[in-house]
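Following: one structure in structure tokens, then a few remarks.
Hydrogens, waters and symmetry mates play no part in the numbers below; they use all other heavy atoms, side chains included. In what follows, every chain begins at residue 1, and chains take the letters A, B, ... in the order their sequences are listed.
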Amino acid sequence: DTAVSQTPKYLVTQMGNDKSIKCEQNLGHDTMYWYKQDSKKFLKIMFSYNNKELIINETVPNRFSPKSPDKAHLNLHINSLELGDSAVYFCASSQGGTGSFGQGTRLTVV
Amino acid sequence: KQEVTQIPAALSVPEGENLVLNCSFTDSAIYNLQWFRQDPGKGLTSLLLIQSSQREQTSGRLNASLDKSSGRSTLYIAASQPGDSATYLCAVSQPQKLVFGQGTRLTINP
């Protein structure tokens with residue numbers, strides 16, 4: 001069974017479109033995250049949720065809106081996509097500081 | 001603000017050699033430190049987790065050490081194999097987030 005699963009794996013879209021990435025974890029973890037990995041492979045946190053509540057928003061543009069319907073899900077909606085949004089987005093969950101990551105969603109904005 | 005640095009950025013060694021990857025962090029107030037492996041186009045796989053109270057952890061050919069007071073960790077890989085080729089990331093755990101280094105891209109030549 002996949003611990004942290006995110007869909008889709010690949011997403012190609014035009015500038016200005018709105019898109020969503022879904023994430024689910026079956027580990028029973030309280031905390032979920034979204035990370036962005038840029039072209040230089042640097043991973044940087046975007047959001048952190050604990051028990052459905054937003055804990056961290058690391059200066060992410062408000063075009064990015066996370067939604068956590070329950071503790072096991074953290075979806076990411078992106079409005080008005082820009083070229084600079086092209087990256088790999090990773091969902092993760094943790095309990096006690098141990099992180100488990102999804103396989104990533106490669107977003108390409110054209 | 002926590003900053004994590006990994007040296008070297010890239011490393012290429014012949015098969016069979018022992019090697020050390022380095023990770024340093026600026027703020028010693030961490031919960032734990034985690035080493036991950038990332039294969040090209042793939043997600044992150046957790047290799048070792050060292051709690052802040054621990055000095056080292058071992059798993060097979062991998063040994064990770066932690067010196068919290070000096071802000072350093074090392075990942076030692078014994079008897080390297082071509083299958084060890086990947087990017088290795090260290091991450092320190094702080095409240096509600098993991099802060100990552102830039103990674104070391106390791107190539108093991110047969």
Heavy atoms only, distances under 4.5 angstrom: which of B/Gln102, B/Gln94, B/Arg105 has the most pairs with chain A? Name it, please. B/Gln102
So if you build clusters from Ile, Leu, Val, Met, Phe, Trp, Tyr with side-chain heavy-atom gaps below 4.5 Å, do A/Val109 and A/Phe64 land together? yes
Side chain to side chain contact (heavy atoms under 4.5 Å, CB included) evaluation trace for A/Phe90 with B/Gln38: CA-CA 12 Å; A/Phe90 285 96; B/Gln38 185 175 27; 3.4 Å; yes
Part of A/Gln6 lying under 4.5 Å from any heavy atom of chain B: neither
With rounding to the nearest 0.5 angstrom, report the CZ to CZ distance, A/Phe101 to B/Phe36. 4.5 Å
In terms of heavy-atom contacts, B/Ser46 and A/Gly99 come closest through CB-O, 4.4 Å
Enter the distance from A/Met46:CE to B/Lys97:NZ here, rounded to the nearest 0.5 Å. 14.0 Å
For residues A/Ile45 and A/Ile21: do they belong to one hydrophobic cluster (side chain heavy atoms under 4.5 Å, members Ile, Leu, Val, Met, Phe, Trp, Tyr)? no
When the 4.5 angstrom heavy-atom criterion is applied to A/Tyr49 and chain B, the contacting part is neither
Report yes or no: do A/Leu107 and A/Val4 belong to one cluster of Ile/Leu/Val/Met/Phe/Trp/Tyr joined by side chain heavy-atom distances under 4.5 Å? no
Tell me, for B/Ile30 versus chain A, whether the close heavy atoms (under 4.5 Å) come from the side chain, the backbone, both or neither. neither
A/Lys22 atom NZ, over 12 foreign heavy atoms within 6.0 Å: no
Is it the case that atom CG in A/Asp70 sees more than 12 heavy atoms from other parts of the structure closer than 6.0 Å? yes
Do you reckon A/Tyr89 sits in the same ILVMFWY cluster as A/Val60, going by side-chain contacts under 4.5 Å, direct or chained? yes
Is atom CZ of A/Arg63 surrounded by more than 12 heavy atoms (other residues, nucleotides or ligands) closer than 6.0 Å? yes
Rounded to the nearest 0.5 Å, how far does CG of B/Leu98 lie from CG of A/Leu43? 9.5 Å
